[in-house]
> 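After the structure tokens below, expect a handful of questions from me.
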There are 2 protein chains.
Amino acid sequence: MINILLADDQQLMRDGISMLLELEEDMALVAEAANGREAIELYQQYSPDVVLMDIEMPTMDGIEAAKRIIELDANAKILVLTTFGQEDYVRRSLLAGARGFLLKAISGADLSSAIRKVQRGEAAVDAQSIGVLLQSYRDMAGTLQNPNSTLLNRREQEILELIAQHKSNREIAVMLSLAEGTIKNYISQLLEKLQVHDRKQAVQIGRDKGLL
Amino acid sequence: MINILLADDQQLMRDGISMLLELEEDMALVAEAANGREAIELYQQYSPDVVLMDIEMPTMDGIEAAKRIIELDANAKILVLTTFGQEDYVRRSLLAGARGFLLKAISGADLSSAIRKVQRGEAAVDAQSIGVLLQSYRDMAGTLQNPNSTLLNRREQEILELIAQHKSNREIAVMLSLAEGTIKNYISQLLEKLQVHDRKQAVQIGRDKGLL
DNA sequence: GTGCCATGAGGTCATATGACTGCCATTTCT
DNA sequence: AGAAATGGCAGTCATATGACCTCATGGCAC
């Protein structure tokens, strides 16, 4: 039997979902909360297997509540269920630790199936939200790869060109009247900006990106 | 009619999928590739609506091929279809720009449905792989928040403590016999490591994390 | 009183240096 | 010959500095 806590500020929605869950032999709605704060209290009181959590609620929103519940119990299984699937909601919910994200547009059967998945420890994200998640994922990866690739500065550019001519650090240092350590440092920073690990690859990428 | 290009090195798999697609009235398999390089050539030749791409192939793997096809045509709709759903494959495929990721364990009906989704511009990731994607997403978010929080170094630590005592940059500079600019620089780095934007917040976070 | 400018403080960025680590090859010791 | 010491080169990290930007504030001209 899957014990469920439902948090939603709309009475009608709670009643509707309650009805749906009654149709399922293996599910029992053990408590209902009308806002995030209540959800946290009731979670501690009932230790339900799965929490169905709305986002837009007074007092404390569902994402904040989810975060706090998971701080209390890292194994909490929270399924966020909301009307709108904007990027912000999907991202924040899943990063808060929710095991699933569904739009209220789904059918009762899909909801039940998602609850079972989450209860088994699997993830449940509806098809539309996956697209949103993917977009967010790629954006994040992009940011991660170029945290500060404001392109190379003058010195780095200059030194990359000399590297491409197979000059050693010492040679470059003499040419630019700088300490060898300084050259090494510029190269180190340059490698990071180009996301590579040695001068050969840097030259390669430099040519690809038309920096040379 | 959805025109499909299939890339898989196993003849048997190609034949099987070919059979499955023949059952669908709205799909036509227009070309078959046995490796990534062929897939690229055939993509350019036939401009299919959707590409079904295996990962493990000789000559050039499917992920690399997907990446190159998308470089040629940003609207290419590629659905990666593979035997194993390890984190590495899911992450690399989706970051390469694939619109979907499915395990070969799925049913023919699910494959057709996924192909239609992808053709409509939606994303299609099977339930198991979503869990993997989510894990990777959270890891990445974690990395992003602490890119290099190897904790503060001695100087930064020292200066944070002085900031907490409401010393100005000039005062700190005199106390440590350093230039004021140097202090500003340390503080700037320190703010980045603590993910905040001014000294007040830095002290706040410093206390929270027990650095003070 | 109002508006403008000078000033100073905080913060960011490019620049510069040397200590230290790790790898590789060459030489030296056994 | 094989193992061990040595030296050089690449790369990373903490350290240090000053030029420049922004913003708030206070005084001055009107």
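The basis for the numbers below is simple: all heavy atoms, side chains too, and nothing from hydrogens, waters or symmetry mates.
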> In whole angstrom, what separates A/Gln189's CD from C/dT17's P?
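It is 13 Å, rounded to the nearest whole Å.
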
> From C-beta outward on B/Arg154, which listed nucleotide comes closest to its side chain: C/dT12, D/dT15, C/dT17?
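Shortest atom-to-atom distance from the side chain points to D/dT15.
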
> Have B/Tyr137 and A/Ser136 got a donor and an acceptor in their side chains that come within less than 3.5 Å?
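Yes, side-chain donor-acceptor contact under 3.5 Å.
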
> Check this one for me: any side-chain N or O of B/Asn153 less than 4.0 Å away from OP1 or OP2 of D/dC13?
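Looking at the OP1 and OP2 atoms of D/dC13, neither is under 4.0 Å from any side-chain N or O of B/Asn153.
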
> Can you check the A/Leu194 CG to D/dG11 C1' distance for me, whole Å?
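Taking atom C1' of D/dG11 as the reference, CG of A/Leu194 is at 15 Å.
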
> What is the distance from OH of B/Tyr186 to C1' of D/dG18, rounded to the nearest Å?
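Value for this atom pair: 14 Å.
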
> Of all the choices, D/dA16, C/dT15, C/dG10, which nucleotide is nearest to the side chain of B/Arg199 once you look at every atom?
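Of D/dA16, C/dT15, C/dG10, C/dG10 is nearest to the side chain of B/Arg199.
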
> With side chains defined as the heavy atoms from C-beta onward, is the minimum distance between B/Arg199 and B/Asn169 less than 4.5 Å?
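Yes, their side chains come closer than 4.5 Å.
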
> Of the residues in residues 161-176 of chain B, which ones touch DNA chain D at a heavy-atom distance under 4.0 Å?
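Heavy-atom contacts with DNA chain D come from no residue of residues 161-176 of chain B; none.
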
> Taking atom C1' of C/dT17 as reference, at what distance in whole Å does atom CD1 of A/Ile183 sit?
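Rounded to the whole Å, the gap is 11 Å.
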
> Does any non-hydrogen side-chain atom of B/Lys77 lie less than 4.5 Å from one of B/Asp49?
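A side-chain contact under 4.5 Å is absent here.
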
> Given A/Arg154 and A/Glu158, is the salt bridge (Lys or Arg N to Asp or Glu O under 4.0 Å) satisfied, shown in steps?
CA-CA 6 Å; A/Arg154 242 170 278 131; A/Glu158 191 176 13; over 6 Å; no

> Ignoring hydrogens and angles, state whether a donor on the side chain of A/Gln157 or A/Glu161 is under 3.5 Å from an acceptor on the partner side chain.
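The criterion, which ignores hydrogens and geometry beyond distance, is satisfied for A/Glu161 and A/Gln157.
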
> Rounded to the nearest angstrom, tell me the gap between atom NZ in A/Lys200 and atom C1' in D/dC9.
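The distance from NZ of A/Lys200 to C1' of D/dC9 comes to 12 Å, rounded to the nearest Å.
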
> In this structure, how many angstroms lie between the C1' atom of C/dC13 and the CZ atom of A/Arg155, rounded?
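Between C1' of C/dC13 and CZ of A/Arg155: 15 Å.
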
> So, is B/Ser188 near the phosphate of C/dG11, with a side-chain N or O under 4.0 Å from OP1 or OP2?
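It does not, given that no N or O in the side chain of B/Ser188 lies less than 4.0 Å from OP1 or OP2 of C/dG11.
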
> With a 3.5 Å cut-off and no angle check, do the side chains of B/Gln135 and B/Asp139 form a donor-acceptor pair?
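Judged by distance alone, the side chains do pair up.
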
> Of A/Leu178 and B/Asn185, whose nearest nucleotide on DNA chain C comes first from the 5' end?
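Looking at DNA chain C, the more 5' nearest nucleotide goes with B/Asn185.
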
> Applying side-chain contact (heavy atoms from CB on, under 4.5 Å) between A/Asp54 and each of A/Asp9, A/Asp61, A/Leu81, report the one that passes.
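Answer after filtering A/Asp9, A/Asp61, A/Leu81: A/Asp9.
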
> Measure from the side chain of A/Glu180, starting at C-beta and using heavy atoms only, and say which of D/dG11, D/dA10, D/dT15 lies closest.
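When the side chain of A/Glu180 is considered, D/dA10 is the closest of D/dG11, D/dA10, D/dT15.
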
> B/His197 NE2 to D/dC21 P: how many Å, rounded?
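So the NE2-P distance, B/His197 to D/dC21, works out to 20 Å.
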
> Can you identify which nucleotide, out of C/dT17, C/dG10, D/dT12, has its nearest atom closest to the A/Lys184 side chain?
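Nearest to the side-chain atoms of A/Lys184, counting from C-beta on, is D/dT12.
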
> Over how many whole Å does the gap from A/Leu190 atom CG to D/dA10 atom P extend?
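So the two atoms are 14 Å apart, to the nearest Å.
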
